[in-house]
Amino acid sequence: MEARNLMDESGDDSSVSVVSPSDDFGGAVQLRDNGQSGERKATPLRLRKQVSLVYAITVVAGSMIGSGIFFTPYKILDHSGSTAASLSVWVAAGVIALCGGLCYCELGSSIPKSGGEYVYLTRAYGQLVGFLYVWSSALLVRPLSLSIILLTFSKYVVQPFYTIECPPPRTAVTLIGIATAVLIGVVNIVSVKATMRLMNALLICKVTALAGIVVMGVYWAVRHKPEALSTGFEGTVKNPSGIGLSFYSALWAYSGWTDLNYIAEEVKHPHKNVPRAITFGVVLVIVCYIVVNLAFLAILEKSEFTDAVAIVAGEKVLGRAGLIIIPLCVASSTLGSASSSCMTASRVWFAGGRQGHLPTVLALLHREYATPIVSLMAQTALTCVCIAIGTLESLVDAFSFIAWIIYVGVFISVYILRRKEPNLKRPFKVWVWLPAFMTIISIFLVIVPLIQQPLYFLIIVVYVPGVVVYFLLVRNQTYCTRLRQLNEAIADVSKHLFNAAEESCG
C-alpha cells in the first residue's frame, strides 16, 4: 500500500478526517440504537472523542509527574552547586516547559490528529522524516522509556518487603513489570474512559503524596532551622556544562507536556481544550515541583541529598514508616505515568499504520471499543521484551537526547506549516518569537550531552537502517507485490482474530 498523505485538518470539532479505506479492506460501521423507534443506526468506526478538559489536564499532569521529582533534585543540586541555583533551575526549566507547551498548543489545536509530533513532522518535512520519527521514537525510545518506568514501579512496589541490604530479586521485579504492562495494555484496549479514570485516580494520589511531602517540610522547618535554605547561592558552579546538565535533568523531570498532542483527535473541542489543558497542566506541575523542592531543602542538608532524596526525607521525618509510605507514593506516581505513556505512545503506532509507514494492521480499531487494539498489543509486547531484558537503563540516557533533536524539528515546523498551510485554521497562535526561542534551547540541550559524551554521535547509526528500510520497503511497497499481499493477509487475519476493522467514513 502506498504511503498516504495526511489530510488537512481544521480546528472544527465537527470535522473528523479519516483515511479512505483501501479496496481490500472495507471500512466498518458500528450499530447503535437510536433510543426511539428501536432501529439500529449505523455510525462510522473511528476514534471517539471521549477526553474532556478535566481528563486532558490529567493526561498532561499525569504524564509529567512520574518518578523524576523523587530522584532528580539530587542531580540538579549536584550539577548546579547551590540550593538557590537549583531552585532557579527548577523555575527556569518549568518556564521552558511552558513555552514548549504553548508551541504544541498551536499545533495540537490546529491539527487535532492522532500521532502528535509524527503528524507535524510528516506534514512539514515529508514522508521520510515522518518515517524516521516512527522508526526512532515509536519503535525504540517510547517502549524503552515505558519499560524503565514499569521496572521502577515494580522495584518500589516490592521494596517495603525487603531491605536496602537485601534488595528484591530481579525475577520478581521483572514479572511484576510484565504483568503491569499487560494489565495497562488491556485497560487501554477495553476502554478509553476507564484508562482516564485510572489516570485521574492516580493523579490524585500523586498530588496527595506531594502535598504530604510539603506538609513534612513545613513541619520540619517549624521545629528545626532549615540549614540548606540559608546557604543561598554559596557554592554555585561556574562551569556552563554543569548548569547545562542540571537543566537537562530538570527538563527530564518536566517531560510529558507533549503527550496530549498524541491523542488530540480524541479530545472534545480540541481547538479550546488542548491549549487550556496544556497550559493549566504545566503550570500545576511547576507549582508542585517548586514547593516540593523547598520541602526537601527544609528537611535535608545538602550533604544528605542522594538519588533517593524522597525516601531519605521520609525516613528522617517519619522514621521507618517513611520507608514504606514513600516507596508506595513513588510506585503510584510511576504507574500513573506508565498508564498515560501507554495510551499516548500507541497512537503513534496507529498513526504510522494509518499513514502507511508501518503495517496497516496497526491502524485497525476494535469494532466495539473503538480503540487501536493491534497497536496497543504490539506496543505492550515490545515493552515486555524490554522489561525482560532488564538492563537497558544505560540506553535511556543515550536515546533520551533524541527527543530534543525531535523538538528542534517540531518547533521549526511551526514556521514551516504557517508558510506551507497559511489557510489552516489556527484557533491558538503562539507568539512568533517563541518557537525560535525553543529551537535555540533545544539545540543547546542536544549539544550539551555531545560535549560530555562524544559517543552520542554514534546514535546516528539508529537512523541508517531506518533510511534503508524506508526506501526498500515503505516507499516501494506499491511495486512489491509479495510485501503488499503479506501486509493485507496479516491485516485480514487480525480483523477476524481481534474483532477489528479499519476506521470508516460516515
Side-chain angles (χ1 to χ4, degrees), residues 61-62 64-95 97 152 156 159-160 164 202-236 246-247 249-254 256 281-334 336-337:
M64 294 178 70
I65 304 176
S67 60
I69 183 58
F70 299 100
F71 305 109
T72 53
Y74 161 71
K75 291 183 179 181
I76 295 171
L77 181 61
D78 182 55
H79 290 314
S80 61
S82 69
T83 57
S86 67
L87 288 173
S88 300
V89 168
W90 279 106
V91 174
V95 172
T152 303
Y156 280 90
Q159 185 62 51
I164 297 177
L202 291 172
L203 178 61
I204 293 173
C205 292
K206 295 180 188 184
V207 175
T208 303
L210 295 179
I213 293 174
V214 173
V215 171
M216 289 194 308
V218 173
Y219 167 80
W220 196 263
V222 170
R223 300 186 54 140
H224 306 82
K225 182 180 179 181
E227 297 291 340
L229 286 174
S230 62
T231 59
F233 285 96
E234 180 182 339
T236 302
S246 65
F247 269 99
S249 298
L251 287 167
W252 178 77
Y254 278 112
V282 173
V283 171
L284 173 64
V285 173
I286 292 172
V287 173
C288 287
Y289 280 9
I290 292 174
V291 295
V292 167
N293 273 278
L294 286 171
F296 287 146
L297 292 170
I299 297 171
L300 303 175
E301 297 180 8
K302 288 176 61 176
S303 59
E304 294 177 301
F305 272 71
T306 69
D307 56 1
V309 59
I311 296 178
V312 174
E315 183 181 15
K316 188 172 183 178
V317 177
L318 302 176
R320 293 195 59 83
L323 297 177
I324 298 175
I325 296 173
I326 299 299
L328 293 178
C329 291
V330 177
S332 67
S333 183
T334 52
S337 182

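These values consider heavy atoms only, across backbone and side chains, with no hydrogens, waters or symmetry-generated copies.
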Check Gly281 against Ala61 and note the closest heavy-atom contact, atom names and distance. O-CB, 4.4 Å
Which heavy atom in Pro327 sits nearest to a heavy atom in Ile311, and how many Å separate them? CG-CD1, 4.4 Å
If we ignore hydrogens and angles and just use 3.5 Å, is the side chain of Ser332 paired with the main-chain N or O of Cys205 as donor and acceptor? no
Between atom CG of Leu77 and atom CG of Leu300, what is the distance when rounded to the nearest 0.5 Å? 10.0 Å
Looking only at heavy atoms, what is the nearest atom pair of Ala298 and Ala221, with distance? CB-CB, 4.2 Å
When rounded to the nearest 0.5 Å, the distance separating OG of Ser249 from CG of Asp78 is 9.5 Å
Please list, chain by chain and in numerical order, all residues satisfying side chain to side chain donor-acceptor pair (under 3.5 Å) with Ser82, sequence neighbours excluded. Thr236
Holding to side-chain contact (heavy atoms from CB on, under 4.5 Å), I want the full list of residues that pass it with Thr306, two or more places apart in sequence or in another chain. Ala308, Val312
Run the numbers on Asn293 and Ile69 for side chain to side chain contact (heavy atoms under 4.5 Å, CB included), then give the verdict. CA-CA 8 Å; Asn293 273 278; Ile69 183 58; 3.7 Å; yes
May I have all residue pairs that pass side chain to side chain donor-acceptor pair (under 3.5 Å) and include part of residues 207-217, sequence neighbours excluded? none
Side chain to side chain contact (heavy atoms under 4.5 Å, CB included) evaluation trace for Ile324 with Leu328: CA-CA 7 Å; Ile324 298 175; Leu328 293 178; 4.2 Å; yes
Mind listing the closest non-hydrogen atom pair of Val89 and Ala250 along with its distance? CG1-CB, 3.9 Å
Locate the shortest heavy-atom distance separating Thr72 from Ala253; write the atom from each residue and the value. OG1-CB, 3.7 Å
Look at the side chain of Thr334 and the backbone N and O of Val330, then say whether any donor-acceptor pair between them is shorter than 3.5 Å. yes
Taking ring-ring contact (aromatic ring centres under 6.0 Å, His included) as the cut-off, I'd like each qualifying pair that reaches into residues 66-94, sequence neighbours left out, listed once. Phe71-Tyr156, Trp90-Tyr254, Trp90-Tyr289
Give, for atom CG of Leu297 and atom OG of Ser86, the distance between the pair rounded to the nearest 0.5 Å. 5.5 Å
Roughly how far, to the nearest 0.5 Å, is the CD1 atom of Ile65 from the SG atom of Cys288? 5.0 Å
When rounded to the nearest 0.5 angstrom, what distance separates CE in Met216 from CD1 in Ile299? 4.5 Å
Working to the nearest 0.5 angstrom, can you tell me the gap between Lys75 NZ and Phe305 CZ? 15.0 Å
Which heavy atom in Phe247 sits nearest to a heavy atom in Ala93, and how many Å separate them? CE2-N, 3.9 Å
Under 3.5 Å, side chain of Lys316 to main-chain N/O of Gly322, donor-acceptor pair present? no
Closer than 3.5 angstrom, by distance alone: can the side chain of Lys206 be matched with the main-chain N or O of Gly62 as a donor-acceptor pair? yes
